[in-house]
Participant: 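Below you'll find the structure I mean.
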Amino acid sequence: MYGEISGLAHELNQPLGALSSFATGLLNRLRQQRITLAEVEPVVERMERMADKAGRVIQRVNAFARRQEMLRQPLALAPFVARVAAAVPLPDGVVLDAAELEHGPTPTVPADALLLEHALHNVVRNAAEWAAQANHTLAQVRVGLVCESERVGILVEDTGPGIPDDLIPTLFEAFATRKPGGMGMGLSIARSMVEAHHGRIEVGRSAALGGAQFTLWLPLESA
């Protein structure tokens, strides 16, 4: 299963790398005024084909995540979340706060650990990259758990600039990104993985840290 995810991710590298190269080359030539309108059209057409190819791979990732043959086993969330968050590479100056996981509740959910790890890794990495752009003395990402009667939420907060309300509806669309050099795939794939567990991701503003707040809600019992 994990090998298939890795293979799909690897398959994305070719069209996305080509898109980046075409866009960079086109932008440079436009800035230098060394390209005519007639020369622009075939470049944009090739970029369109590469985007379509990448989009098809994203659709395959989404379909894969929704398959019913996931290996769901009881998973203790607190140590799992702590381990995954600690493994995410952080930009210089960004601090991870996972202290709440050591003293808080330890709920167990039925989950495919590999798929859920992939989703959580993407969300924490996204938070860390935005936290690095904060104008705070301490750039921080905080992870914790929120327990309710029938579900539990994995909470990921940051000290970044937050997400404007008008961007939230398109936040999880493939290729929708506000990060320089970002491909806009991580959150789209994360949502698919969480929905495959009959859960959902909520987005808002962190009251504690001031930046974005992502909550990955998971049911405590199998659907």
Side-chain angles (χ1 to χ4, degrees), residues 9 16 20 75-107 109 111 113-148 151-195 197 199-218:
L16 292 177
S20 179
L75 179 66
L77 272 187
F80 169 81
V81 172
R83 175 181 63 81
V84 174
V88 176
L90 302 177
D92 291 341
V94 177
V95 175
L96 174 69
D97 178 7
E100 293 182 7
L101 296 172
E102 300 177 5
H103 310 291
T106 57
V109 297
L114 290 177
L115 287 184
L116 192 57
E117 177 177 349
H118 192 80
L120 181 58
H121 179 97
N122 283 348
V123 173
V124 174
R125 182 181 60 187
N126 180 76
E129 290 172 349
W130 282 112
Q133 302 183 29
N135 296 320
H136 295 276
T137 303
L138 177 63
Q140 185 179 9
V141 173
R142 180 183 298 171
V143 295
L145 297 178
V146 181
C147 293
E148 296 186 354
R151 64 178 186 171
V152 58
I154 304 174
L155 194 65
V156 180
E157 306 170 273
D158 64 67
T159 54
I163 303 170
D165 292 341
D166 60 331
L167 292 182
I168 291 179
T170 60
L171 187 63
F172 295 98
E173 293 181 0
F175 309 118
T177 180
R178 294 188 299 138
K179 293 183 296 186
M183 295 298 184
M185 298 181 301
L187 293 181
S188 175
I189 293 175
R191 182 178 65 174
S192 296
M193 300 301 184
V194 172
E195 289 180 349
H197 288 81
R200 62 190 301 265
I201 300 181
E202 290 182 354
V203 183
R205 181 170 291 276
S206 168
L209 302 184
Q213 174 177 297
F214 286 74
T215 308
L216 285 63
W217 289 107
L218 300 167

Participant: Report the distance from atom CD of E157 to atom CG of L209, rounding to the nearest 0.5 Å.
Facilitator: 5.0 Å

Participant: So, the side chain of D165 versus the backbone of L167: is there a donor-acceptor pair under 3.5 Å, distance only?
Facilitator: no

Participant: Rounded to the nearest 0.5 Å, how far does CG of D158 lie from CD1 of I163?
Facilitator: 8.0 Å

Participant: Taking the six-membered ring of W217 as reference, does the cationic atom of R200 (NZ for Lys, CZ for Arg) lie under 6.0 Å from its centre and within 45° of its axis?
Facilitator: no

Participant: Would you say W130 and V141 make side-chain contact, with heavy atoms under 4.5 Å?
Facilitator: no

Participant: Please determine which of I201, V123, V81 meets the side-chain contact (heavy atoms from CB on, under 4.5 Å) test together with V156.
Facilitator: V123

Participant: Taking all atoms of both residues into account, what is the closest heavy-atom pair of A139 and A131, and its distance?
Facilitator: CB-O, 3.3 Å

Participant: Testing the basics here: between L75 and A111, what is the closest heavy-atom pair and its distance to 0.1 Å?
Facilitator: CD2-CB, 4.0 Å

Participant: Side chains of V152 and V146: does their closest heavy-atom pair fall under 4.5 Å?
Facilitator: no

Participant: Looking only at heavy atoms, which two atoms of C147 and P107 are closest? And how far apart?
Facilitator: SG-CG, 3.9 Å

Participant: Verify, without hydrogens or angle tests, whether R205 (side chain) and G210 (backbone) share a donor-acceptor contact under 3.5 angstrom.
Facilitator: yes

Participant: From M193 CE over to L115 CG, what is the distance, rounded to the nearest 0.5 angstrom?
Facilitator: 5.0 Å

Participant: Output the distance between atom CD1 (I154) and atom CZ (F80), rounded to the nearest 0.5 Å.
Facilitator: 6.5 Å

Participant: Enter the distance from L77:CG to L218:CG here, rounded to the nearest 0.5 Å.
Facilitator: 6.5 Å

Participant: State, to 0.1 Å, how close H121 and V84 come at their nearest heavy-atom pair, and which atoms those are.
Facilitator: N-CG1, 4.0 Å

Participant: Looking at G162 and P164, what are the two nearest heavy atoms and their distance?
Facilitator: O-CD, 3.8 Å

Participant: Could you tell me whether the side chain of L155 reaches within less than 4.5 Å of the side chain of V143, counting heavy atoms only?
Facilitator: no

Participant: Kindly give the heavy-atom pair with the smallest separation between G144 and L101, and that separation in Å.
Facilitator: CA-CD2, 3.8 Å

Participant: Report the distance from atom CD of E117 to atom CG of N122, rounding to the nearest 0.5 Å.
Facilitator: 10.5 Å

Participant: Given side chains that start at C-beta, do those of E102 and E100 come closer than 4.5 Å, heavy atoms only?
Facilitator: no

